[in-house]
Asks: 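Please find one structure pasted underneath; my questions will follow.
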2 protein chains.
Amino acid sequence: MIEADIFKALADPTRRKVFEKLAGGSLNASALRDGLEISQPAMSQHLSVLRAAGLVREQRQGRFVNYEVDPDGLLAIGAWLARYRAYWPKRMEALADLLKDMDQ
Amino acid sequence: MIEADIFKALADPTRRKVFEKLAGGSLNASALRDGLEISQPAMSQHLSVLRAAGLVREQRQGRFVNYEVDPDGLLAIGAWLARYRAYWPKRMEALADLLKDMDQ
DNA sequence: GCAACACATAAGTACATGCTTATGTGTTGC
DNA sequence: GCAACACATAAGCATGTACTTATGTGTTGC
């Protein structure tokens, strides 16, 4: 089950910070370490978890490996959320509209 | 940070099963145990985690405590997802439509 | 080739977490 | 009151996980 990997990956605060950084644009592993007081292997392990969950994808460029948000992971979360649409609050309606509009 | 509690709560497969059961309607703690081979205290602990995360809410009825999906938790996930709307895939557009329509 | 760099993997360790059994709390009905 | 029930909490334990240091792999440029 891929949901398991996704939620486990996002359960860690450092990995959420990394993911949020990537929301600002593609970054390599070293750049992702900036600001986070974490060792190089730790970052590498976190990125491995995020990648296995389908939340980020990588692209080697020379010596560097660039990471970016993988839309597939977001889609998986959206699909999971959709299963509980019967319980979505009213405010979610506006949110769905926003999401739709920004996706052009 | 409430996101931390939400993702941690959903990282556990048993808790996701419980949450999915509640999507079918309100159930008490004993009824939630059906099918899941889990002790009564374990279920109680899981429900406590889900409640602390804002994913479910409880309502005591006599000796029973009924649990149901808490829309606030879903909204929190939706809000988190919205932060990454720039990376939503095309298919997410249809999903957002679906979510909006079903929310009437 | 090889030195420097960017990153990944290995192995070990401290702490978090999910489970158990035992016990406590609140409610019902006699 | 008190016995039976539904659930919560406490304490202990086994496993998972996030970290560390050490080392391996792949790339660049001299």
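Computed from heavy atoms alone, side chains included, the values below leave out hydrogens, waters and symmetry copies. Every chain is numbered from 1, with letters handed out A, B, ... down the list of sequences.
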Asks: What's B/R51 touching, base or sugar-phosphate or nothing? Going by heavy atoms closer than 4.0 Å.
Replies: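 Contact class for B/R51: none.
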Asks: Answer with base, sugar-phosphate or nothing: what part of the nucleic acid does A/S48 contact at a heavy-atom distance below 4.0 Å?
Replies: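 Since no nucleic acid heavy atom lies under 4.0 Å of A/S48, the category is nothing.
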Asks: Any idea which of D/dT21, C/dT17, C/dC19 is nearest the B/A42 side chain?
Replies: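 It is C/dC19.
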Asks: Looking at every non-hydrogen atom in both residues, tell me the closest pair between A/L55 and A/A9 and how far apart they are.
Replies: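 Between these two residues, the closest heavy atoms are CD1-CB, 3.9 Å.
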Asks: Heavy-atom distance under 4.5 Å between the side chains of A/V49 and A/D12, does that happen here?
Replies: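 Of all side-chain heavy-atom pairs linking A/D12 with A/V49, none is under 4.5 Å.
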Asks: Please determine, for the side chain of B/Q45, which listed nucleotide (D/dA10, C/dG18, D/dT27) has the closest atom?
Replies: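 Of all the options, the side chain of B/Q45 is nearest to D/dA10.
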Asks: Can you tell me if A/R85 uses its side chain to pair, donor with acceptor, with the backbone of A/A82 under 3.5 Å?
Replies: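 Indeed, once roles are kept as given, a pair shorter than 3.5 Å links the two residues.
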Asks: Rounded to the nearest Å, what distance is computed from the NE2 atom of residue B/H46 to the P atom of nucleotide D/dT9?
Replies: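 Atom NE2 in B/H46 sits about 15 Å away from atom P in D/dT9.
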Asks: Counting side-chain heavy atoms from C-beta on, which of C/dA16, C/dC19, D/dG26 comes nearest to A/R63?
Replies: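 It is D/dG26.
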Asks: Grab the CD1-P distance between B/I38 and D/dA8 for me, whole Å please.
Replies: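 Result: 13 Å.
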Asks: Would you mind telling me which of D/dC19, C/dT17, D/dA18 lies closest to the side-chain atoms of B/K8?
Replies: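 Nucleotide nearest to B/K8's side chain: C/dT17.
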Asks: For a quick test of reading the model: is some side-chain N or O of B/S39 closer than 4.0 Å to OP1 or OP2 of C/dC19?
Replies: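 Answer is no, no contact under 4.0 Å.
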Asks: My understanding is that a pair needs two contacts under 3.5 Å, Watson-Crick or G-U wobble. By that rule, which nucleotide pairs with C/dT21?
Replies: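 Looking at the geometry, C/dT21 pairs with D/dA10.
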Asks: Starting from P on D/dT28, measure out to CZ on A/R60 and report it in whole angstrom.
Replies: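 Between P of D/dT28 and CZ of A/R60: 8 Å.
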Asks: Does A/R91 use its side chain to pair, donor to acceptor, with the backbone of B/D72 at less than 3.5 Å?
Replies: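 Side chain of A/R91 to backbone of B/D72: no pair is present.
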Asks: Go nucleotide by nucleotide along DNA chain C from the 5' end; which of B/Q40 and B/V49 gets its closest nucleotide reached first?
Replies: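 Between the two, 5'-proximity favours B/V49.
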Asks: Closer to the 5' end of DNA chain D via nearest nucleotide, is it A/R15 or A/G62?
Replies: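 Upstream on the strand: A/R15.
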Asks: Using the six-membered ring wherever Trp is involved, compare the ring planes of A/F7 and A/W80 and label them parallel, tilted or perpendicular (cut-offs 30° and 60°).
Replies: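 A/F7 and A/W80: perpendicular rings.
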Asks: Tell me whether the OP1 or OP2 atom of D/dA6 has a side-chain N or O from B/Y67 closer than 4.0 Å.
Replies: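 Answer no for this pair, as no side-chain N or O of B/Y67 is under 4.0 Å from OP1 or OP2.
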Asks: Measure the distance from CD on A/Q61 to P on D/dT28 and round it to the nearest whole Å.
Replies: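 Going from A/Q61 (CD) to D/dT28 (P), I get 11 Å.
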Asks: What is the separation between atom CG on A/N66 and atom P on C/dA8, rounded to the nearest whole Å?
Replies: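 Atom-to-atom, A/N66 to C/dA8, this comes out as 11 Å.
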Asks: Could you tell me whether the side chain of B/R57 and the main chain of B/D70 form a donor-acceptor pair under 3.5 Å?
Replies: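 Not at all, since once roles are kept as given, no pair shorter than 3.5 Å links the two residues.
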Asks: Round to the nearest Å and state the distance from B/E58 atom CD to D/dT9 atom C1'.
Replies: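 My rounded result for the distance is 14 Å.
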Asks: For C/dC19 and B/T14 - does any side-chain N or O of the residue sit under 4.0 Å from the phosphate oxygens OP1/OP2?
Replies: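 Yes, such a contact exists.
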Asks: Please report, rounded to the nearest Å, how far the P atom of C/dG18 is from the CG atom of B/L10.
Replies: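 So the CG-P distance, B/L10 to C/dG18, works out to 12 Å.
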Asks: According to the Watson-Crick and G-U wobble definitions, with both distances under 3.5 Å, which nucleotide is paired to D/dG26?
Replies: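 Because both required distances fall under 3.5 Å, D/dG26 counts as paired with C/dC5.
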Asks: Toward the 5' end of DNA chain D, which comes first, B/V65 or A/D12, by nearest nucleotide?
Replies: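 On the 5' side of the pair lies B/V65.
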Asks: From CG of A/D5 over to C1' of D/dG16, roughly how many Å is that when rounded to an integer?
Replies: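 After rounding, the gap between these two atoms is 14 Å.
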Asks: Over all strands shown, is B/R33 touching base, sugar-phosphate only, or nothing at heavy-atom distances under 4.0 angstrom?
Replies: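 No contact at all - B/R33 keeps every heavy atom at 4.0 Å or more from the nucleic acid.
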